[in-house]
Visitor: 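Structure provided below as structure tokens; questions to follow.
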Amino acid sequence: MSEIERESMEYDVVIVGAGPAGLSAAIRLKQLDPDLSVVVLEKGSEVGAHILSGAVLDPVGLDLLIPDWKQKGAPIDVPVREDRFYVLGEGGGVRIPNWVMPGLMNNHGNYIVSMGNVCRWMAGQAEELGVEVFPGMSCSEIVYGENGEVKGVVAGEFGLNPDGTPGDGYEPGMELHGKYVFLGEGVRGSLTKEVMAKYDLQAGRDPQKFGLGMKEIWEIDPAKHKPGKVVHTMGWPLGKNAGGGSFIYHLDNNQVYVGFVVHLNYENPYLYPYMEFQRFKHHPMVAELLKGGKRIAYGARAIAEGGWQSMPKAVAPGAAILGCGVGLVNVPRIKGNHNAMLSGMQAAEAAHAAIAAGRSGDELVAYDDYLHKDGPIARDLKPVRNVKPLWSKYGLTGGVVLGGMDMWTNSLFGASVFGTMKHGKSDAEATGKARKFKPIDYPRPDGVLSFDRLTNVSFSMTNHEEHQPSHLKLLDDSVPIAVNLPEYAEPAERYCPAGVYEVVREEGKDPRFVINFQNCVHCKTCDIKDPSQNIKWTVPQGGDGPNYPNM
């Protein structure tokens, strides 16, 4: 669509994504210079609509950004009061004593929050400073300058026909140009992916690794509710099939967050992450907690888990990648929001200095140095860099023991006996051939504790206008049936937590691969896990997708 003429607007900094990283950058830019023109473009129908996180928030980033956040009414009200870790078997579990865990695992001083609500509040703070925040504005293209630098983005294109041609009510959108463009799209953002490929930003780094996080919000019996209680588990039901674990966080209003993470480097293509989550809720410990309660929301998203050795170069000419686009999650702590905020603030510092010096469109080297050298993000991620590869190599028991030992040696001596381990294959390459595995028989959801996918998707309030091109693109339409079905039993039917992909089998006809893009909750798992790397996730028109209330 590049031949279409569009109006353009000029800003000092254009920020894609109103998550914790993008909003922190916007706020810090205006704190540094109120005269800077800053715009934040968000594809969700409102700020927070596409935000899904655990979340136990380490407030270190917010303390630096807005020190008086309590006085300003931030929705951060539930301090962590109790911290428990369990290794589960099918009928019970063993608690890991807190004293065994390295100090970095302690949640003292952290808060159970809805990051969607925190981002809504942050957007208000940004607007008070003069930041322009535009929700419902998908950024569908990168605009490049004469020298190949990132110059801006195309946002707000509406009204395309299913075949991609302009419809009757077509709106071409606008080009928003900036001296610098910040990409805060979260995990596996489509523009971030393009920029990383164009400038080869992953060169010399390990491949990024990912997990699939699924989450439900439950209202439970007040007698069982303990505000501030944090529970993490490993083990059952995943066993040897995959790495991962769960979280259960008691927030306020008799609500709990029940979440489940499956590492996407699993081999067995018959693994069904969503059904592993549903099965988990039937564990006696979890079932007793949820008995008499009701699920009120559901969602899913991918999590960047590669850590220190997978962090790409975070800058390109005219562009900086923020937060989860770089992969700043501390895997054993299951926390990344604090690092996302710190990354946004530091990108803002670097851009402010560059603009003050009369620069634009170059690489913000100071920001990349901050991420990869001895700053707070490095101090957070380097000591835990081997936890994920140790788990992948030695499984649950060996990985936990060796990972714990490695975190202790890093904490006490600042060094690791393992050095820096490699991740090896990408998650797509890790997928094994179906002939080497047997299908897994999952129990049927009972409609009380466990639910089928499509019913749960309705609790994500997902909506896509149907008369538009599918935002899920196949690079080769023949691959799902000709390659993935015979070789891998077409795992897209199972790895998607929203039931987007299905193989339709009708008597007397060849199988058909169907994409129900209306169901998509924008988790990006398909873009990551498809063994043929044949699915490309792009943005739908602005405002479409999930509408999470307080994830």
Visitor: Assess whether a salt bridge exists between E216 and R295, defined as any Lys/Arg side-chain N lying under 4.0 Å from an Asp/Glu carboxylate O.
Guide: no
Visitor: Less than 4.0 Å between a side-chain N and a carboxylate O, is that true for D206 and K422?
Guide: yes
Visitor: Should the ring pair Y501 and F513 be called parallel, tilted or perpendicular, given that the plane angle runs from 0 to 90° and is split at 30 and 60?
Guide: parallel
Visitor: Are side-chain N/O atoms of E185 and T192 paired as donor and acceptor at under 3.5 Å?
Guide: yes
Visitor: Anything under 30° is parallel, anything over 60° is perpendicular, the rest tilted; go ahead and classify H372 against W308.
Guide: tilted
Visitor: Is the shortest distance from a Lys or Arg side-chain nitrogen in K335 or D380 to a carboxylate oxygen in the other one below 4.0 Å?
Guide: no
Visitor: Describe, in one word, how the ring planes of F277 and F280 are oriented to each other, choosing from parallel (under 30°), tilted (30 to 60°) and perpendicular (over 60°).
Guide: parallel
Visitor: For the pair K291 and E288, find out whether any cationic side-chain nitrogen is under 4.0 Å from an anionic carboxylate oxygen.
Guide: no
Visitor: Identify the heavy atoms of P491 and P269 that sit nearest to each other, and give their distance.
Guide: CB-O, 3.7 Å
Visitor: Can a side-chain donor-acceptor contact be found between S392 and H423 if the only test is distance below 3.5 angstrom?
Guide: no
Visitor: Cut-off 3.5 Å, side chains only: do N463 and N547 have a donor facing an acceptor?
Guide: no
Visitor: How close do H471 and P540 get, heavy atom to heavy atom, and via which atoms?
Guide: CB-N, 3.6 Å
Visitor: Does atom NZ of K229 have more than 12 heavy-atom neighbours, drawn from other residues, nucleotides or ligands, at distances under 6.0 Å?
Guide: yes
Visitor: So, N516 versus N519: side-chain donor-acceptor pair below 3.5 Å or not?
Guide: no
Visitor: Give the ring-plane orientation class for F517 versus H464, where under 30° counts as parallel, over 60° as perpendicular and anything between as tilted.
Guide: perpendicular
Visitor: Keeping Q346 on the side-chain end and M341 on the backbone end, is there a donor-acceptor pair under 3.5 Å?
Guide: no
Visitor: Do N456 and R453 have a side chain donor and acceptor closer than 3.5 Å?
Guide: no
Visitor: Roughly how far, to the nearest 0.5 Å, is the CZ atom of R301 from the CZ atom of R188?
Guide: 13.5 Å
